[in-house]
Amino acid sequence: MITEIRPYWKNYIGGKWVDGSEGGRLAVSNPATGQPICEVARGTARDIDTAVAAARACFNSRVLLDMPPHERGALMFRIADELDKAADEIAAVECYDNGKTLANGRDEIPLTQRYLRYYGGMADKLEGRQIPLGAGLLDYTIHAPYGVSAQIVPWNGPLPVGARSIACALVTGNTVVLKSPEDSPLSLFLFAEACERAGVPEGAVNIVCGLGAEAGTALAAHDDIDHIVFTGSVETGKSVLRAAAERVIPCVMELGGKSGGIVFPDADLGQVAASAAAGIFKHAGQICSAGSRLIVHRSVYDEVVSRLVAKAEALSVGPGIDDCDLGPLISARQLDRVEALCRAGVSEGAMLATGGTRVAGLDGYFMAPTVFTDVRPDMRIAQEEFFGPVVVVIPFDTTEEAIAIANGTDYGLAAGLYTRDLTLAHTVADRLVAGQVYVNQWWAGGVETPFGGMKRSGYGREKGQEALLGYVQTKNVGIKL
Ligand code: NAD
């Protein structure tokens with residue numbers, strides 16, 4: 001296991017490893033200790049300019065576009081193979097800069113490889129249509145790339161989130177400038193190294209770490225980008241959309257969530273507790289599609305709560321590198337936010353069944369796994385995203401009421417339900433306003449299943465075949481023979 005983190009990391013622009021053009025550096029800290037672990041080059045607007053110019057030059061050179069699609073696909077397979085060489089270091093940096101558990105850190109590598117191979121395999125299968133117009137005319141469509149795809153990635157899953165967007169962009173002939181998250185940038189630098197070793201053309205992939213308010217705004221507002229993929233919070237997403245509107249460029253927006261699972265009385269309650277606990281406590285709840293609300297039929301409410309509390313209290317909390325079940329939150333600011341929202345829940349009358357505060361005696365930003373009961377759907381804790389290991393349990397009496405509660409937030413990223421009744425499952429799945437619905441297993445699906453939001457959770461899809469369509473625009477060619 002790697003325990004030494006390289007002390008300094010540079011940005012990857014135009015096929016070269018470069019310092020920040022203004023000489024600045026950003027400190028990266030370990031959320032399990034609060035201590036700095038290394039520095040990264042601080043990308044500023046000037047570095048974003050250089051990166052966009054490199055991506056533009058690469059796009060204009062047609063090196064990717066002229067490559068047969070199956071070769072673009074083979075390139076994704078080579079990047080995936082190269083990640084094997086970095087596997088130990090990736091698992092380590094995911095623990096040290098991101099706070100993942102060692103098991104989750106290790107899982108990031110095969111997950112990322114699956115995205116690369118999935119989209120690599122689709123590179124030569126994205127086909128247009130031939131449209132019959134009658135004698136003397138021939139008409140067909142082409143999936144044309146946008147050009148330079150600007151991608152802004154959050155800190156909670158930078159490697160798989162970044163890699164899947166880069167893969168979609170490259171196999172469709174776009175080039176990429178990716179702004180990596182300032183809190184957890186390291187795994188994407190290792191990804192850039194894999195791209196370099198795999199022979200990705202210079203300028204096709206540029207990875208620049210910088211602050212959101214500096215490099216992020218510069219990228220979203222850049223005059224020479226053609227497309228934006230943003231994954232992050234709703235508030236930041238809105239500002240990115242305003243910048244995109246100025247230039248009328250398309251966006252894929254993957255934003256936050258407050259996803260709810262409905263527990264019907266006939267459900268297997270052991271399965272419910274295991275699935276609901278995994279759905280909120282994985283990565284300490286810092287997953288956009290975490291199951292942060294559980295909407296439970298009153299007849300099984302007490303039993304579900306007691307099973308869930310038992311699961312929560314059985315979890316070990318501590319540094320990911322020690323392979324505890326639950327690592328830290330990303331920052332002191334985030335821990336303060338989650339605790340403050342818990343206090344708001346208590347003052348609004350909700351009951352804490354377990355947790356509700358930071359874990360005493362640990363140096364880092366550890367939040368106790370938390371279960372709230374007696375929660376009303378209009379409380380802040382039932383409406384606002386915690387992005388922490390906190391689940392609110394809301395009772396219901398009728399199916400209509402359960403559906404109304406599930407759909408009763410601004411978000412629409414994921415939803416779930418637990419029942420043995422197939423008719424009920426299909427009927428309710430149809431009524432839930434969410435981009436993904438899980439029946440009897442939170443996160444059923446994965447790389448192959450289209451993922452994205454409804455309502456304020458965003459639009460466009462990542463994962464699955466649908467994602468590729470977000471990276472191309474349809475061009476129609478009509479010919480008078
Ligand atoms: P964030 O919005 O604060 O930051 C996301 C990225 O945007 C970071 O790289 C940040 O540096 C950058 N950024 C910040 N301000 C910017 C600005 N003004 N202009 C351009 N870029 C800017 O989000 P976060 O705290 O890093 O991540 C947590 C949020 O992301 C949660 O709301 C979570 O639900 C959401 N998320 C969504 C998905 C999804 O697929 N739907 C996946 C992961 C996370």
Side-chain angles (χ1 to χ4, degrees), residues 26 28 31 40 42-45 48 97-99 108 115 150-165 177-185 187-188 207-222 225 228-244 246 251-259 280 282-292 329-331 333-335 337-338 341 384-388 409-414 434-436 443 446 449-464 467 470:
L26 297 169
V28 178
V40 299
R42 176 175 181 162
T44 61
I48 292 292
D97 76 355
N98 198 312
E108 298 286 80
Y115 280 124
Q151 307 188 347
I152 300 178
V153 172
W155 56 266
N156 65 329
L159 179 65
V161 170
R164 72 188 183 208
S165 301
V177 177
L178 183 146
K179 207 291 283 173
S180 58
E182 57 271 42
D183 287 326
S184 60
S187 57
L188 278 169
I207 296 198
V208 184
C209 182
L211 299 175
E214 195 170 47
T217 48
L219 181 56
H222 200 285
I225 59 167
I228 297 181
V229 182
F230 175 80
T231 308
S233 62
V234 176
E235 279 317 305
T236 310
K238 286 184 197 170
S239 74
V240 168
L241 280 171
R242 282 190 283 270
E246 282 301 316
C251 298
V252 175
M253 301 304 283
E254 293 286 357
L255 308 177
K258 188 74 182 176
S259 305
I280 188 61
K282 184 175 180 192
H283 199 15
Q286 301 167 109
I287 299 180
C288 51
S289 51
S292 52
L329 301 190
I330 190 68
S331 63
R333 190 171 141 262
Q334 181 59 11
L335 180 59
R337 247 199 86 242
V338 171
L341 197 45
E384 295 180 24
E385 187 182 38
F386 274 95
F387 223 55
T409 74
D410 277 349
Y411 295 105
L413 192 54
Q436 286 203 328
W443 290 316
T449 50
F451 176 82
M454 295 186 179
K455 299 196 281 183
R456 252 55 68 208
S457 292
Y459 47 80
R461 292 292 176 265
E462 294 283 26
K463 309 184 185 183

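Residues: numbered from 1 along the sequence shown. Ligands are counted one by one from 1 in listed order, and the atoms in each one are counted from 1 as well.
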Worksheet item: Do any N/O atoms on Trp155 end up under 3.5 angstrom from N/O atoms on ligand 1?
Response: yes
Worksheet item: Would you say ligand 1 has an N or O under 3.5 Å from any N or O of Ser457?
Response: no
Item to complete: Considering only protein heavy atoms, determine whether one is less than 4.0 Å from atom 4 (O) of ligand 1.
Response: no
Practice prompt. Go through the structure and list residues passing side-chain contact (heavy atoms from CB on, under 4.5 Å) with Pro185, not counting sequence neighbours.
Written response: Val28, Val40, Asp97, Ser180, Phe189, Cys209
Item to complete: Look only at interatomic distance and state if Lys179 has a nitrogen or oxygen under 3.5 Å from any nitrogen or oxygen of ligand 1.
Response: yes
Practice prompt. May I ask you to check whether Pro154 has an N/O atom sitting below 3.5 Å from an N/O atom of ligand 1?
Written response: no
Worksheet item: Taking N or O atoms only and a 3.5 Å limit, does Thr236 qualify as a polar contact for ligand 1?
Response: yes
Fill in: Stacked cation flag Lys463 on Phe451, 6.0 angstrom / 45 deg
yes
Discussion item. Any nitrogen or oxygen of Val153 lying under 3.5 Å from a nitrogen or oxygen in ligand 1? Just yes or no.
Written reply: yes
Worksheet item: Within less than 4.0 angstrom of ligand 1, does Ser239 place any heavy atom?
Response: yes
Worksheet item: Taking 4.0 angstrom as the limit, do Arg461 and Glu254 come out as a salt bridge?
Response: no
Discussion item. I want to check something: taking the side chain as every heavy atom from C-beta on, are Cys288 and Leu255 in contact at a cut-off of under 4.5 Å?
Written reply: no
Discussion item. Does any part of the side chain of Leu329, heavy atoms only, come nearer than 4.5 Å to the side chain of Phe387, both counted from C-beta?
Written reply: no
